[in-house]
Amino acid sequence: MTTRPPLTSTEPEAAGEPERGGEDEFGDLEPLLEEYAGLEPGSRRDELRERLITGYLPVARRLAIKYRDRGVPVEDLIQVASIGVLNAVDRFQPDHGANFLSFAIPTIQGEIRRYFRDRTWSMRVPRKLKELHVSIANASSTLSAQLNRAPRPSEIAAELGVTLEEVVEGLQAGEAYTSTSLDLKLSTDDGEGSYLGNMLGEADSRLELVEYRHVLRPLLEALPERERTVVMLRFFGELTQTQIAEQVGVSQMHVSRLLAKTLENLRRQLEPG
Amino acid sequence: MLEDDGATSDLLIELRLPPRAKSIATVRAVAADVTSRADFDLDAISDVRMAVDEACTALARLASPTHLMRAVFSLAGGYLRVDISARVQPPDRRIDTGGFGWHVLGSLADELSTEHGVGAHGDEVVIRMAKKSAGG
């Protein structure tokens with residue numbers, strides 16, 4: 001396991017504050033913040049919220065990029081930072097005389113630090129369980145290809161010559177442990193194949209039919225492409241995780257984690273508070 | 001609601017929890033555990049785990065903070081059934097079945113329903129889900 005320098009509160013800011021951008025980069029958003037804070041729930045408020053969040057996303061991106069050398073995909077960091085933007089927009093009180101960025105930047109950084117803290121905790125899984133988990137992931141890929149569906153724990157146990165109990169424990173360890181070795185590309189397809197394109201098109205037309213699409217769509221658009229693809233295929237394309245894994249070129253376990261994480265983020269955004 | 005003395009039932013486990021995120025994380029882990037032990041395939045295990053998380057979170061938003069929620073897991077006829085219930089305040093609150101959360105539940109579960117105004121005090125909301133063991 002690699003050791004990384006501790007995540008201190010001063011380090012990322014040390015390079016100055018270019019994330020603020022030019023003085024008037026967000027000038028046209030400021031009056032909207034005031035209007036937003038005074039509005040009752042309703043479509044105007046939803047519309048403003050969306051514009052504000054989209055407008056301030058560059059701040060999240062700039063802050064997230066500062067943490068890019070810490071072994072986490074930068075798109076994951078941007079997603080985490082975007083939650084900070086959502087929270088900042090929802091909590092900001094313009095009448096306190098404060099500048100929005102002075103409020104938003106620490107909020108976003110807090111969200112990123114919390115992510116790293118939780119992630120560090122999740123790495124403390126005994127080596128033996130990690131190894132078992134990697135074996136399970138490999139066996140699962142092999143079996144999925146053979147069976148043309150996701151394997152059962154008993155089938156994985158038979159394949160690896162271990163007990164069912166060990167497989168159950170190994171699967172649980174996987175929930176706490178994010179291994180980059182599980183993110184191995186299983187297919188050389190870059191994810192833009194025509195089958196995938198067709199499935200996404202179908203999923204998209206189903207999304208068009210639901211009543212809450214106006215709220216959901218901007219949130220989906222803000223997701224990294226891979227996350228958006230798995231959510232669309234699972235919930236609007238009705239593909240199984242194993243089928244998605246095959247299309248996107250990652251393991252089923254990785255799809256499972258991406259889905260769980262993305263759902264949680266979407267839930268937080270759809271139901272602030 | 002599963003009315004059963006537990007002696008002869010298909011009941012696997014029943015949990016009571018405060019409507020809080022930390023406790024929901026535990027129920028989610030239990031959901032994955034019982035589904036793995038019942039030898040559902042990996043897709044189904046992950047689906048049940050996410051569905052239980054989604055349903056508990058939706059109910060926790062409505063739940064009376066001073067009462068425990070309940071999660072009941074049972075297994076019969078190749079189906080894992082999960083009933084999650086909470087006493088809500090005010091008692092006429094119900095699950096929004098027109099939103100993304102409910103849509104997600106519908107994709108994850110093979111059977112899904114909700115009822116409100118049930119329970120001994122008439123103030124419970126329940127979400128019932130069932131997942132079929134693939135090919136079984």
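Chain letters run A, B, ... following the sequence lines, proteins first and then strands; every chain starts at 1. Worth saying up front: this structure is predicted, and the values here are computed from it rather than measured. Values below: all heavy atoms of this structure, side chains included; hydrogens, waters and symmetry mates excluded.
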| message | Taking side chain as everything from C-beta outward and backbone as N, CA, C, O, which of these in L266(A) sits under 4.5 Å from a heavy atom of chain B? Side chain, backbone, both or neither. | response | side chain
| At a heavy-atom separation under 4.5 Å, does E264(A) approach chain B through its side chain, its backbone, both, or neither? | neither
| request: Kindly determine whether D41(B) and L147(A) satisfy side chain to side chain contact (heavy atoms under 4.5 Å, CB included), including the steps that lead there. | output: CA-CA 11 Å; D41(B) 72 42; L147(A) 301 165; over 6 Å; no
| field | Greatest number of heavy atom pairs closer than 4.5 Å to chain B - which of R234(A), E211(A), E155(A) | value | R234(A)
| request: Name the option with the most non-hydrogen atom pairs under 4.5 Å to chain B; the candidates are A260(A), A150(A), A157(A). | output: A150(A)
| field | Separation between CE of M50(B) and CG of L259(A), rounded to the nearest 0.5 Å | value | 4.5 Å
| request: Mark yes or no for whether D39(B), through its side chain, and S154(A), through its backbone, hold a donor-acceptor pair below 3.5 Å. | output: yes
| task | Would you indicate whether the side-chain heavy atoms of S36(B) and V167(A) approach each other to under 4.5 Å? | result | no
| pair D53(B)-R267(A): side-chain heavy atoms closer than 4.5 Å | yes
| Which atom pair, heavy atoms only, marks the closest approach of G98(B) to Y212(A)? | O-CD2, 2.9 Å
| query | Yes or no on side chain to side chain donor-acceptor pair (under 3.5 Å) for S256(A) and R49(B), after CA distance, side-chain angles and deciding distance? | reply | CA-CA 10 Å; S256(A) 167; R49(B) 192 174 182 278; 5.9 Å; no
| task | Please flag which part of L108(B) lies under 4.5 Å from any non-hydrogen atom of chain A: side chain, backbone, both or neither. | result | both
| message | Need one label for F100(B): side chain, backbone, both or neither, based on atoms under 4.5 Å from any heavy atom in chain A. | response | both
| message | Please check if the number of heavy atoms outside R37(B) that lie under 6.0 Å from its CZ is greater than 12. | response | yes
| Is any NZ, NE, NH1 or NH2 atom of the basic residue among D43(B) and R149(A) found under 4.0 Å from an Asp or Glu carboxylate oxygen of the other? | no
| Taking only residues two or more places apart in sequence, or in another chain, which ones meet F236(A) in a ring pair (Phe, Tyr, Trp, His ring centres under 6.0 Å)? | H103(B)
| For chain B, which residues from residues 237-244 of chain A have at least one heavy atom closer than 4.5 Å to it? | E238(A), T240(A), Q241(A), T242(A)
| field | Verdict with supporting geometry, S46(B) and Q252(A), side chain to side chain contact (heavy atoms under 4.5 Å, CB included) | value | CA-CA 10 Å; S46(B) 175; Q252(A) 178 271 340; 4.3 Å; yes
